[in-house]
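This report refers to the structure that appears directly beneath it.
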Amino acid sequence: MRTPINEVTPDTERAEIAGWVHEIRDLGGLTFFLIRDRTGIIQVTVVKKKVSEAVLQAAKTVSRESVVRVSGAVKPIEKAPGGRELTPETFEIISLCESPLPLDVVEKVPAELETRLDARFLDVRKPRVAAIFKIRSAVTAATYDFFSKRGYYNITTPKVVAAATEGGTELFPIAYFEKEAFLNQSPQLYKQMMMAAGFEKVFEIGPIFRAEEHNTLRHLNEATSIDVEVSFADHKDVMKVLEDLVSHQYAVVADTCSDALADLGVDFEVPKAPFPRIPYADAIDIAAKKIDEPIAYGDDLSTPSERAIGEEMGEHYFIVDWPSSIRPYYAMPYEDDPSICKAFDMMHPRMELSSGAQRVHQYDLLVEQIKAKGLSPESFEFYLQPFKYGMPPHSGWGMGMERLIMTMLDLPNIREAVLFPRDRHRVVP
RNA sequence: GCCCAGGUAGUGUAGAGGCCUAUCAUGAUGCCCUGUCACGGCAUCGACACGGAUUCGAAUUCCGUCCUGGGCGCCA
């Protein structure tokens, strides 16, 4: 019976382990093997004079990163990793690894991200890299848990769609039988439809696709979005949901992923809700003071200003009360001042993580706002229909999962937070 | 989309017109070594993205192609 490596302790008498050959150190009459599975690493020591011919033969043949199964007595050895080592009675090579390896799993020599992504399955064998995905998995689980405890319905919306959500970003066209279709850039419209459907509180964790030809450390062409929509809630209500969620996600990771955090050398403080709120107008002022380029009210926040404001804030924060002119048509304007709207962005000091708003739920106002943006209501017909048949007031947001992980773990590149990133140049593997 | 930078053994690098049949590390192979933990020692193997131009001479300069990285715009 195979034992996970981290369950083999100095007190264990015998064990059978299986895993990958992490390192081989041949000292002559004595050879040390480090065997790794996803739980940890153990030393297997072969004393050439004392082992069977079969074990000796396997020990001579095996290469690094081969898959092996080894069984034998365990004894406590203070010098060995984990304070114990295994003396093999059987040493079976299950899958012999070819050499040379496309990259060095032990990381004596660094590899560039491109090389790593080309051989991602090998790259992820590094405990430090695997740790990112262990944590990402914990964040996903914590998110489902958070919403299901609060009575949200988990929904799944189509990724193949006929039209754009907001007109802004580029879509990937795909062939759909005799029709033209696109990969969806956001579940936004479908979430809203489910408000008309009376679901009241929904969330979805799913892929979104953006055909932007950007080439940066924080953009992907396929990303994962955590999306939320709530009926009878205003923007302030859903901002609270958002900050509580982020704080919960951090807390769960801190609680349950200490090994993975240690592998990564990451130590963070759990962000405490409520996050500071600053009006857009104040954010612009901060940016204007800190950077040289001219900034005017009504400008979108440039990358340098975003950074300058983040530096000033030093923690997660919201930018609220945006000019209606730079937010999408579906953002609800304030009744007393329609020049600003109930939209918000949730920011990490490094970058934007989430944006959301109270939505316009009144049919006439929505049509008016679509026209005001220079768009034609006719092309939004399928979107507008639910608004005619009883649409409650509602609010929601979408948060980039990869950006959340990237900022949480202080990763330099968003691609580090995805197993198989899709960017401007990469569709393989 | 605009702008900048770059492609040298499996991996990561040195190199700046002749000192380059190309440096170092890691790796692989062989030999020596019984307590390593980035084990050590000796030997061997392995690369200038592609095409053209300049030149007596090009990894190095120029042009083109392909590929890549990054900044910005935009966004999550």
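All values below were derived from every heavy atom in this structure, side-chain atoms included, with hydrogens, water molecules and symmetry-related copies excluded. Lettering follows sequence order; numbering is per chain, from 1.
The gap from the P atom of B:A49 to that of B:A9 amounts to 8 Å, rounded to the nearest Å. With both ends at atom C1', the span from B:U60 to B:C19 equals 14 Å, rounded to whole Å. B:G15 and B:G6 have their P atoms separated by 13 Å, given to the nearest Å. Comparing the P positions of B:U54 and B:G12 gives an interatomic distance of 35 Å, to the nearest angstrom. Comparing the same atom, P, in B:U55 and in B:A28 gives a spacing of 47 Å after rounding to whole Å. Taking the C1' atoms as reference points, B:A25 lies 22 Å from B:U21, given to the whole Å. Nucleotides B:A59 and B:C50, compared at atom P, are 11 Å apart to the nearest Å. Between the P atoms of B:U26 and B:G73, the separation comes to 43 Å (whole Å).
For A:Gln43 against B:U36, a side-chain N or O and a base N or O form a donor-acceptor pair under 3.5 Å. At a cut-off of 3.5 angstrom, the base of B:C75 holds at least one donor-acceptor pair with the side chain of A:Glu306.
Checking the phosphate oxygens (OP1, OP2) of B:A76, no side-chain nitrogen or oxygen of A:Ser354 falls inside 4.0 Å.
Inter-residue side-chain proximity for A:His219 and A:Glu212 is flagged as unmet; no heavy-atom pair is nearer than 4.5 Å. Two residues are said to be in side-chain contact when any heavy atoms from C-beta on lie closer than 4.5 Å; A:Met401 and A:Val139 meet this criterion. Using a 4.5 Å heavy-atom cutoff, the side chains of A:Met195 and A:Val202 are in contact. A heavy-atom distance below 4.5 Å is found between the side chains of A:Asp123 and A:Arg120.
There is no side-chain donor-acceptor pair under 3.5 Å between A:Ser395 and A:Glu229. A:Thr157 and A:Glu204 share a donor-acceptor pair across their side chains, judged by distance under 3.5 Å alone.
Minimum atom distance to the side chain of A:Phe32 is reached by B:U36, of the listed B:A38, B:U36, B:U68. Taking the side chain of A:Pro81 as heavy atoms from C-beta on, and the options B:G35, B:G12, B:C37, the nearest nucleotide is B:C37. Comparing B:U13, B:U34, B:G69 by their nearest atom to the side chain of A:Glu112 picks out B:U13. Taking the side chain of A:Lys79 as heavy atoms from C-beta on, and the options B:A38, B:U36, B:G69, the nearest nucleotide is B:U36.
Annotation: side-chain hydrogen bond (donor to acceptor under 3.5 Å, both in side chains) contacts of A:Lys201 (sequence neighbours excluded): none.
Of the nucleotides present, B:G12 is the one that pairs with B:C24 by Watson-Crick or G-U wobble criteria, both distances under 3.5 Å. The nucleotide B:A43 finds its pairing partner in B:U29, both defining distances of the Watson-Crick or G-U wobble pair being shorter than 3.5 Å. Partner assigned to B:C72 is B:G1, using Watson-Crick or G-U wobble distances below 3.5 angstrom. Here B:G18 sits opposite B:C56 as a Watson-Crick or G-U wobble pair (both hydrogen-bonding atom distances under 3.5 Å). Base pairing of B:A49: its partner is B:U65, meeting the Watson-Crick or G-U wobble criterion (both donor-acceptor distances under 3.5 Å).
Distance, A:Ile295 CD1 to B:G73 P: 11 Å, rounded to whole Å. Between the C1' atom of B:C75 and the CE atom of A:Met399 lies a distance of 16 Å, rounded to the nearest Å. Between the NE2 atom of A:His425 and the P atom of B:G1 there is a distance of 10 Å, given to the nearest Å. Distance CH2 (A:Trp322) to C1' (B:A76): 13 Å, rounded to an integer number of Å. Remark: P of B:C37 and CD1 of A:Ile35 are 18 Å apart, rounded to the nearest angstrom. Atom CD of A:Glu85 and atom C1' of B:G35 are 8 Å apart (whole Å). For A:Arg424 and B:U68, the CZ to P distance is 9 Å, given to the nearest whole Å. For A:Ile77 and B:G35, the CD1 to P distance is 13 Å, given to the nearest whole Å.
Counting non-hydrogen atoms of neighbouring residues, nucleotides and ligands closer than 6.0 angstrom, the CZ atom of A:Arg69 reaches no more than 12 such neighbours.
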Between the protein and nucleotides 70-72 of chain B, list the N/O to N/O atom pairs that are separated by less than 3.5 angstrom.
residue : atom : partner  : partner atom : Å
B:G70   : OP1  : A:Asn413 : ND2          : 3.2
B:G70   : N7   : A:Asn215 : OD1          : 2.6
B:C72   : OP1  : A:Arg307 : NH2          : 3.2

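Aromatic ring centroids of A:Tyr144 and A:Phe203 lie under 6.0 Å apart. Note: A:His316 and A:Phe275 meet the aromatic proximity criterion, with ring centroids under 6.0 Å apart. Annotation: A:Phe268 is in aromatic contact with A:Tyr250 [ring centroid separation under 6.0 Å]. The aromatic ring centroids of A:Tyr152 and A:Phe146 lie 6.0 Å or more from each other.
Within the 4.0 angstrom heavy-atom criterion, no nucleotide atom of any strand lies near A:Glu222. Contact annotation for A:Leu27: base contact, defined as any heavy-atom pair under 4.0 Å involving a base atom. Among the heavy atoms of the strands lying under 4.0 Å from A:Ala223 is at least one base atom, whether or not backbone atoms are also near. Within the nucleic acid shown, A:Thr115 comes within 4.0 Å of sugar-phosphate atoms alone, with no base atom in reach, counting heavy atoms only. In this structure, A:Asp345 reaches neither bases nor backbone, as no heavy-atom distance under 4.0 Å exists between it and the strands shown. If you check every strand for non-hydrogen atoms under 4.0 Å, A:Lys48 touches nothing.
A distance-only check finds no donor-acceptor pair linking the side chain of A:Ser225 to the backbone of A:Gly206 [under 3.5 Å].
Summary of the strand contacts: A:Pro102 and A:Leu34 both lie near RNA chain B, and taking for each the nucleotide with the nearest heavy atom, the more 5' one is attributed to A:Pro102. Between A:Glu352 and A:Ala111, it is A:Ala111 whose nearest contact on RNA chain B lies nearer the 5' terminus.
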Which parts of nucleotides 23-30 of chain B does protein reach within less than 4.0 Å, heavy atoms only, written one letter per nucleotide 5' to 3' as B for base, S for sugar-phosphate only and - for none?
---SSS--
